[in-house]
2 protein chains.
Amino acid sequence: MVDILHRVGVETSSREKVYEALTTVEGLSGWWTDDTKGIAEVGGVLQFRFPPGGFDMEVVEQLPCERVSWKVIDGPPEWVGTTINWQLRQDGDHTIVMFKHQDWKEPVEFMHHCSTKWATYLMSLKSLVETGAGAPAPRDVHVAFPD
Amino acid sequence: MVDILHRVGVETSSREKVYEALTTVEGLSGWWTDDTKGIAEVGGVLQFRFPPGGFDMEVVEQLPCERVSWKVIDGPPEWVGTTINWQLRQDGDHTIVMFKHQDWKEPVEFMHHCSTKWATYLMSLKSLVETGAGAPAPRDVHVAFPD
């Protein structure tokens with residue numbers, strides 16, 4: 001099992017804003033994909049859709065301003081069964097976001113791609129909270145083709 | 001042992017340009033850090049310096065337009081002994097860059113940070129080849145503080 005790991009520091013004194021961007025359909029639509037639907041509650045399913053396809057995630061945990069966890073229940077075969085874990089903590093006037101996309105079966109080429117792409121989406125999350133504007137799909141940063 | 005993995009597609013029909021950006025002091029200065037010195041030949045040592053510190057890398061392999069490998073011989077303790085491997089291949093009018101920063105002892109928080117930061121530097125490499133301008137330190141993209 002192999003993991004994608006990332007970390008960004010969001011310049012905000014309010015962890016709530018970052019937590020909301022991870023736990024509401026409106027927030028998620030603002031940095032990951034415009035086409036986000038579903039129930040952002042523990043036990044609910046979130047549907048994220050992109051031009052090339054999408055993912056369904058079951059919300060496994062939402063601990064206010066601290067932790068969010070999703071399990072991938074539908075999408076590309078490499079993603080199904082993996083988990084996505086977010087941890088937040090405050091450090092002065094920054095909210096530190098620790099991100100793990102865990103339990104990939106193999107370090108396939110698609111995993112390399114997703115690692116880079118996740119970084120750009122985390123920068124989109126940071127930008128959404130800091131400036132009010134993220135870069136969700138289909139206005140996302142392109143790291144390759146098609147992506 | 002854990003690895004940082006990334007992949008970008010550089011829009012160019014010339015793998016040579018990407019290879020040069022990885023195997024010349026001028027090329028490396030154009031996307032990673034302005035302050036790059038050393039010998040970009042197998043057995044040589046490259047010195048990369050950034051405002052917060054730096055890394056010394058021994059060049060382990062340079063297979064023209066295909067593969068480049070460095071071993072970290074000085075720098076932060078978490079980096080020393082790790083290896084950085086680049087693989088290039090042509091896919092139509094894109095050069096695919098597969099990147100691995102391998103053999104971290106533990107998935108520490110600093111590794112999460114470096115993973116995100118590597119992604120921004122790979123985007124800088126892509127930009128350098130595609131547009132002639134990268135974002136090397138100290139004009140790099142900030143993902144946290146200090147970074």
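Worth saying up front: this structure is predicted, and the values here are computed from it rather than measured. Quick note on labels: first sequence line is chain A, next is B, and so on, each numbered from 1.
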Under 4.5 Å heavy-atom distance to chain A, tell me which part of [X] shows up: side chain, backbone, both or neither.
X: B:Asp91; value: both
X: B:Glu11; value: neither
X: B:Phe99; value: backbone

Chain B heavy atoms under 4.5 Å from A:Lys117: which part of the residue, side chain, backbone, both or neither? neither

Check whether A:Ile96 gets within reach of chain B through its side chain, its backbone, both or neither, counting any heavy atom under 4.5 Å. side chain

State the CE-NE2 distance between B:Met123 and A:His142, to the nearest 0.5 angstrom. 9.5 Å

Do [X] and [Y] belong to the same hydrophobic cluster, where Ile, Leu, Val, Met, Phe, Trp and Tyr are linked whenever their side-chain heavy atoms lie under 4.5 Å apart, directly or via other members?
X: A:Val60; Y: A:Val72; answer: no
X: B:Tyr121; Y: B:Met98; answer: no
X: B:Val141; Y: B:Leu125; answer: no
X: A:Val143; Y: A:Trp79; answer: no
X: B:Val42; Y: B:Phe55; answer: yes

Are the side chains of B:Asp93 and A:Phe145 in touch, meaning some heavy atoms are under 4.5 Å apart? no

Residue pair A:Asp3 / B:Val2, side-chain heavy-atom distance below 4.5 Å: no

Member of A:Lys100, A:His6, A:Arg7 meeting the side-chain hydrogen bond (donor to acceptor under 3.5 Å, both in side chains) criterion with B:His112: A:Lys100

Between A:Thr116 and B:Ala119, the two heavy atoms sitting closest are CG2-CB, 4.2 Å

Closest heavy-atom pair and its distance - B:Leu5, A:Ser115: O-OG, 2.7 Å

Does CD1 in B:Ile39 sit with more than 12 non-hydrogen atoms of other residues, nucleotides or ligands closer than 6.0 Å? no

Pick from A:Pro107, A:Gly9, A:Cys114: which one has the most heavy-atom pairs with chain B under 4.5 Å? A:Gly9

